[in-house]
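Worksheet: the structure to be examined is printed underneath.
Being a predicted model, the structure only gives us computed values, none of them experimental. Every chain is numbered from 1, with letters handed out A, B, ... down the list of sequences.
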There are 2 protein chains.
Amino acid sequence: MGEEITTAKEAADNASVLAFGRLLGAANRLEYLLGRAIEEACGITHLMFEVLLILGRADDSGMPMGDISRAQVLTTGGVTRLIDRMEAAGLVERVANPGDRRGRLVRLTAAGEAKVVEAARVHLANIERYFVEPLPVEHRRQFADDLRILSRSARDSVGRLR
Amino acid sequence: MGEEITTAKEAADNASVLAFGRLLGAANRLEYLLGRAIEEACGITHLMFEVLLILGRADDSGMPMGDISRAQVLTTGGVTRLIDRMEAAGLVERVANPGDRRGRLVRLTAAGEAKVVEAARVHLANIERYFVEPLPVEHRRQFADDLRILSRSARDSVGRLR
DNA sequence: TGGAAATATCTGATTAGTCAGATACTGTTT
DNA sequence: AAACAGTATCTGACTAATCAGATATTTCCA
């Protein structure tokens, strides 16, 4: 990684810059495709699905919103508004937290439980579809390239993190 | 992947659901950390940096905005506005496209050239820093876990894509 | 060649996030 | 137990994306 960069072309062609760009590109495309599919089939966004999964993992009594904020890359203000929408949609409810009255706990409603099961099935089916059958043509080649580079890059990074 | 999902807990604990969640989580944290660093050091967003790199790779005469839209996951409307801001910041300019008068070409200005070189250096230094020295503590453990799973998942996916 | 369909970009209205500051409670520390 | 720092959430103002519809130009084919 020692080569000095002095022109835009050198910046754009640098191996590490490229690899990280590909990694993020692949992840974004994946998130876009899978998120779009859930949205169309189930009427909830990808982020709502992630929150439903987090709550599914949580204790039945619920979870403070701060925990959700830390689990996702989202500010506490963003979580407040996301939970507002999910509550309006009947997927979650806020209940009193006897141990700390500064905020309430969020937990799944029955409708939320049903929705996360439905969305997870759709999600799994799409993972199967995209990775066994061909991707949409306009994504396929790009994706395969990205994932090959991503795999190498991630493996190297894991090594260095130990 | 044949297990039937019937409860929120099963959905949340499913191996594929988890792996994809981790993969996207790792990429989002990475994008957030590296993007934030470029933003603070160079005053441009991560998305602007990506566009500068794309233009650095392009022909000197410039590139139509539709190509940028397709390279990133961004609508054409979004690209129009992103380029508006970058043009206002003096990083790029729109020039006439003699071959197709429906739209103009976008190309780097001298300031844009300088900025992409500066940002790429910062970016490389941060990649070095994050993956050789410890990550910020609040991200480190999560990140290492994510990347291990990501690596496995990506390798499998590449295999299936052939 | 004339016109329909496709393409490139732009724009108004809307949505969902950020940030920073307000409010309400908790926990410590004298 | 009074004060003060810390934590959890909410909110107003703002930003940057989306979508859908408008406009200009190009391409294709009958």
- Looking only at heavy atoms, which two atoms of A:S16 and B:L124 are closest? And how far apart?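 Heavy-atom minimum between the residues: CB-CD2, 3.5 Å.
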
- Heavy atoms only: give me the nearest B:L23-A:A27 pair and the separation to one decimal.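 B:L23 and A:A27 have their closest heavy atoms at CD2-CB, 4.4 Å.
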
Counting only pairs under 3.5 Å, give me each side-chain donor-acceptor contact of residues 76-84 of chain A, with atom names and distances, residues two or more places apart or in other chains.
from  : atom 1 : to    : atom 2 : distance (Å)
A:T80 : OG1    : A:T76 : O      : 3.1
A:D84 : OD1    : A:R94 : NH2    : 2.1

Can you check the [X] [atom1] to [N] [atom2] distance for me, whole Å?
| X | N | atom1 | atom2 | answer |
| --- | --- | --- | --- | --- |
| B:L74 | C:dA8 | CG | C1' | 16 Å |
| A:R104 | C:dC25 | CZ | P | 12 Å |
| B:E31 | C:dT18 | CD | P | 13 Å |

- Can you find a side chain N or O atom of B:T76 that sits less than 4.0 Å from OP1 or OP2 on C:dT9? no

- What are the residues of residues 41-67 of chain B, sorted by number, that bring a heavy atom to within less than 4.0 Å of DNA chain C? B:P64, B:M65, B:G66

- Query: For DNA chain C, what residues of residues 78-89 of chain A have any heavy atom nearer than 4.0 Å?
  - Reply: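 Under 4.0 Å from DNA chain C: A:G78, A:R81, A:R85.
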
- Item | Sub-4.5 Å side-chain heavy-atom contact between B:P64 and B:V106 | no

- Find out whether A:L33 and A:N126 are in side-chain contact, i.e. whether some heavy atom of one side chain is under 4.5 Å from a heavy atom of the other. no

- State which residues pass salt bridge (Lys or Arg N to Asp or Glu O under 4.0 Å) with A:R101; sequence neighbours excluded, sorted by chain then number. none

- Query: Is it true that a side-chain atom of B:E118 and a backbone atom of B:A114 form a donor plus acceptor pair closer than 3.5 Å?
  - Reply: no

- Item | B:L91 backbone acceptor or donor facing B:T109 side chain under 3.5 Å | yes

Show each protein N/O and nucleotides 5-7 of chain C N/O combination with a separation under 3.5 Å, one pair to a line.
from  : atom 1 : to     : atom 2 : distance (Å)
C:dT7 : O4'    : B:R102 : NH1    : 3.4
C:dT7 : O2     : B:R102 : NH1    : 2.8

- Which comes earlier along DNA chain D counting from the 5' end, the contact point of A:G77 or that of B:G77, where each point is its nearest nucleotide? A:G77

- Message: Is there a side chain to side chain contact (heavy atoms under 4.5 Å, CB included) between A:K115 and A:C42? Walk through the geometry before answering.
- Response: CA-CA 8 Å; A:K115 186 59 83 179; A:C42 311; 4.2 Å; yes

- Query: Side-chain heavy atoms under 4.5 angstrom apart, residues restricted to Ile, Leu, Val, Met, Phe, Trp, Tyr: same cluster for B:I54 and B:F49?
  - Reply: yes

- Derivation of the side chain to side chain donor-acceptor pair (under 3.5 Å) call for B:E10 and B:T6: CA-CA 7 Å; B:E10 282 168 21; B:T6 57; 3.1 Å; yes

- Message: Working note: A:E50 + A:Q72, criterion side chain to side chain contact (heavy atoms under 4.5 Å, CB included); need CA distance, chi angles, decisive distance, verdict.
- Response: CA-CA 8 Å; A:E50 288 297 329; A:Q72 292 296 315; 3.6 Å; yes

- Query: Looking at OH of B:Y32 and CD of B:E39, how far apart are the two atoms once the value is rounded to the nearest 0.5 Å?
  - Reply: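 The CD atom of B:E39 is 9.5 Å from OH of B:Y32, to the nearest 0.5 Å.
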
- Task: Give the first and the last nucleotide of DNA chain D, reading 5' to 3', that has any atom under 4.0 Å from a heavy atom of chain A.
- Result: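 In short, chain A contacts DNA chain D from D:dG6 to D:dC19.
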
